[in-house]
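Counting starts at 1 for both ligands and their atoms, in listed order.
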Amino acid sequence: MSSPAGDGSSVRRSKRRAAEVATAAITGSSQEPKEEPVELKRARSAQKKKPAAPKKSESPPKAETDPSEIVASDEGLEAGEEEDEEQAGEAHVLARASGVSPMKKRIVAKRKSDEEDDDVGFLGDPIPEEEAKSRWPKRYEKISAKRVSITNNGQDDDDVKAKQHYLQARVDGCTYNLYDDAYVKADEGEANYICRIVEFFEGCDGQPHFSAQWFYRAQDTAIKDASSFDDGKSGHFHDDRRVFLSDVTDDNPLNCLVSKVQIVRVSPNLDLSSKRESIPPCDLYFDMSYSVSYSTFMNMPIEEAENGKLAPKSAVASGSSTSGQKSQLLLLDLYSGCGAMSTGLCLGANLSGLSLQTRWAVDFNPHACESLKFNHPETQVRNELAQDFLAVLREWERLCQKFGFVNEDVSPEVDSSDDDEGPYEASKGSPGEFEVGKIVDMCYGETSNVKEVGLKFKVRWKGYGPKDDTWEPIEGLGKCEERIRDFVRRGYNKNILPLPGTVDVICGGPPCQGISGFNRFRNSEAPLQDEKNKQMVVYMEIIEFLKPRFVLMENVVDILKFAKGYLGRYALSRLVAMNYQARLGIMAAGSYGLPQFRMRVFLWGARPTEKLPQFPLPTHDVVIRGGGPVEFEHSVVAYEENQHRDLKKELLLYDAISDLPPVANDEMRDEMDYLTAPKTDFQKYIRLSREEVMNLLPEGERPSQKRKLLDHRPLRLNDDDYQRVCHIPKKKGANFRCLPGVMVGPENKVQWDPNVERVLLPSGKPLVPDYAMSFINGKSPKPFGRLWWDETVPTVVTRAEPHNQIILHPEQDRVLSIRENARLQGFPDFYKFFGPIKQRYMQIGNAVAVPVSRALGYALGQAVQRKGDDKHVFILPPDFPRTTQSDNID
Ligand code: SAH
């Protein structure tokens, strides 16, 4: 691989660095790649790169050396945690390693020495020249032209050129036909590779070659060692006979063929036991393709596998198709927080013409649930642990079956006629006696009156109202069968809980606090054994139980870095083992129209009968900093290097918040008037009402009610901090370093100025606190840092204290308000937050940036409606998200 000559330009230098990183991935260089800023344009063809046939002397690469063993970085930050100062370089993208796939190269090993190769050669006549040239034109291009040609992604075209092609070959007594599947010798100690023979040809070097299209075992894909695991419970394993057809082909010497292997193509099926029965006798089978790009596991159109041996029709049970069009799709938001992810998904789906509604949401934080409930009155919000929710789901299915309500053909209809609010009966029972009036809810976890975990029902006592409801364990309700039946009937009709097969989409990000850079006890050997990472398992179990049509998981990028990316691989592995299609992408929020960087991982899953959603390409030309794991570089959602793009200018803090009225540190109002008109397009859009955003207003009608500005109040700083903030100058880059007595010494480290006496506040505390001086060894400019109007915020976090993050308003002596943070996360202004101030900041900092989930929702809507092509990524409409109401916003 050649690197461009150093020419002094930063972009070229960055590219070369990226190439070096990639080389390290392949050669096993132990040098840890530095996360240097690199250019976003990417050579998308890396996975198409055909590794050259090995020279005899070539030592096999140690591809296993994992370049992603970069310590978990800032993206896993919890509240107030610090980002790595060293990563603060800026550049216009995360590079794609130029040219070489970080996937393991199939370097085949010759089976035996050349002297023994008498029994290696082609059989029959060559394929007529004209036919061969039309089938494999590149093989016959002029060598001279080839040698000078550099393909448009900057790589040498190293195809072996052909003299002639054949249909059959013989190796070591075995006859192979074109399109046979075969084992290919791998290096000593490694399992044979598996391929489909897609060409037999004599090279211009006079040697016999074949071209291999590789099949990957689960462990050869991005899943790697997560193909089998111990999650402390059952563990799961991929079927050893299942392989995935890749889009990678290589040329190899003919004598590398070891033996034939019988691989049949079967249809993927969520029902694993009927799938097992459908597989005819064979050595191996495949039902999906695998592509290194976006770690994609996907169904193949029949023609793509035309040479595959599709199992006989009768044996190909294809799983019940659920893709019939429903008027409204139902979403379950797990670990929902205040509901940003599902809000965005529903908005985006709606813009694509699909009605999607958050039907159920689960979170154990009562304040987050309150916010979600207020903003989504139609949602059944469950304030409980996800693991208890799963237990409730199992019990609910059992009850629905017991009482005969589960009817496979009829989904429950939402029936809101019967609410649970009123007292059961006006008259009370006799004094001292309590009679179960009706059951109004069920749960599994601890409740205020019953600590034991187990199935409980919420009882409305006869003659009493909702405030006297109590939770009662099922064991005490032995005589209430009728009441329970009645509850299940009403609950079933109101669709209070999902049943297997009734959920269209599950979204959510299982928290993995066990990988946080600040968790000193993180378990990198067995991340799933860490209680703090267990939710990943719970999340997958809920998916396994409910079998939704689509899944969208979100998480911090550290799940692809910590413990060699084990948690990310595990998620992918579970989905694929359940026979879901899957695709993994890394997206930066700023690329979708926010003045915030924030990189996150998203994993799509889709039942085999569905179209796998794509990833939406960036809409904004944002300044992105490094931080993506090298090994998952193929998953960064970005344009290809030479692809035409029409990106809007990046957004800055001014665009997002400059229209908001000034407020003081001690502002107490939750509602106020806007006072000024919006100044930017962003502000116009973010101020739209729910009806406008959802396009629910009748044509030409504008919302009449003048709306209030909500939650525009900051975390109130204590007197000392407020005094400190008042001393920070109102200029770009200002922070505690501007205060008297602080000097910046060598290596950008702060030190006390010996000539200045330490300034004290009226309370007697120092103006410059010690923790600011010692933070990150005195090298951080973050304590009491002011944002400036022309900046992009790195990542909105869950806390608002100014001690270790830049969160001061540019021109006011306070931290950014709840609303300002909400704007930076793309929440529409109509979204109201509940709970104490710190809890509201937390809900916002935890959220998936709404513009990102909105773009993903559009992708989902397209997939449901089977719009778009089969590519991994797509371009959003030019005016997105204003596709339907552009004239409403002026
Ligand atoms: N996706 C959300 C943000 C979720 S943050 C959004 O876009 O707004 C993660 C959430 O998981 C937090 O609100 C936290 O309260 C919740 N959570 C953490 N552990 C949980 C558990 N075991 N069960 C249910 N919720 C949990």
Side-chain angles (χ1 to χ4, degrees), residues 75-79 331-348 358 360-376 379 381-393 443-446 453 505-516 530-542 551-556 559 587 589 592 594 596 598 600-603 795-799 818 821-822 824-828 831-835 838-857:
E75 287 306 304
L77 292 181
E78 277 299 297
L331 172 77
L332 164 62
D333 189 352
L334 291 174
Y335 315 96
S336 61
C338 65
M341 187 179 192
S342 51
T343 299
L345 281 178
C346 294
L347 285 175
T358 311
W360 311 273
V362 181
D363 198 291
F364 76 175
N365 181 311
H367 308 294
C369 287
E370 203 186 349
S371 297
L372 200 146
K373 185 82 209 158
F374 178 87
N375 292 289
H376 301 272
T379 304
V381 181
R382 299 198 56 99
N383 179 206
E384 65 195 339
L385 289 166
Q387 49 272 46
D388 292 336
F389 174 69
L390 176 57
V392 167
L393 291 181
C443 76
Y444 205 85
E446 195 177 289
V453 170
V505 188
I506 289 183
C507 76
C512 299
Q513 287 132 348
I515 58 176
S516 160
D530 188 332
E531 210 39 56
K532 292 202 174 77
N533 296 331
K534 280 275 171 33
Q535 291 308 315
M536 182 69 96
V537 179
V538 174
Y539 185 74
M540 289 297 160
E541 284 179 355
I542 294 175
V551 174
L552 179 62
M553 189 190 91
E554 174 259 0
N555 227 297
V556 292
I559 66 158
M587 297 165 81
Y592 299 86
L594 281 183
Q596 187 198 178
R598 196 180 196 93
R600 290 290 181 267
V601 178
F602 292 91
L603 176 60
T795 299
V796 171
V797 296
T798 49
R799 296 204 310 193
I818 299 168
N821 263 15
L824 296 179
Q825 284 276 57
F827 279 97
Y831 218 86
K832 184 167 161 61
F833 301 93
F834 287 78
K838 286 188 179 182
Q839 286 285 334
R840 296 191 225 171
Y841 277 103
M842 181 113 75
Q843 290 161 30
I844 292 165
N846 270 334
V848 173
V850 174
V852 174
S853 53
R854 188 172 54 209
L856 288 163

| task | Please name all residues satisfying salt bridge (charged side-chain N to carboxylate O under 4.0 Å, His left out) with Glu370, sequence neighbours left out, ordered by chain then number. | result |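 Not a single residue meets the salt bridge (charged side-chain N to carboxylate O under 4.0 Å, His left out) criterion with Glu370.
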Between ligand 1 and the protein, which N/O pairs fall short of 3.5 Å?
unit_1, atom_1, unit_2, atom_2, d
ligand 1, 7 (O), Met341, N, 3.0
ligand 1, 7 (O), Val848, N, 2.9
ligand 1, 8 (O), Ser336, O, 3.4
ligand 1, 8 (O), Ala340, N, 3.1
ligand 1, 13 (O), Asp363, OD1, 3.3
ligand 1, 13 (O), Asp363, OD2, 2.6
ligand 1, 15 (O), Asp363, OD1, 2.6
ligand 1, 22 (N), Gln387, OE1, 3.3
ligand 1, 22 (N), Gln535, NE2, 3.2
ligand 1, 23 (N), Ala386, N, 2.8
ligand 1, 25 (N), Phe364, N, 3.2

| said: Is any side-chain heavy atom of Glu446 closer than 4.5 Å to one of Leu385? | reply: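 Not in contact.
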| query | How would you list all residue pairs meeting salt bridge (charged side-chain N to carboxylate O under 4.0 Å, His left out) that involve residues 842-851, not counting sequence neighbours? | reply |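 For residues 842-851: none.
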| Is a side-chain donor or acceptor of Tyr831 paired with a backbone partner of Thr343 at a separation under 3.5 angstrom? |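 Not a single qualifying donor-acceptor pair exists.
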| field | Which residues share a ring-ring contact (aromatic ring centres under 6.0 Å, His included) with Tyr592, sequence neighbours left out | value |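 Applying ring-ring contact (aromatic ring centres under 6.0 Å, His included) to Tyr592 gives none.
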| At their closest point, which heavy atom of Asn846 faces which heavy atom of Arg598, and how far apart are they? |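 The answer is C-NH2, 4.1 Å.
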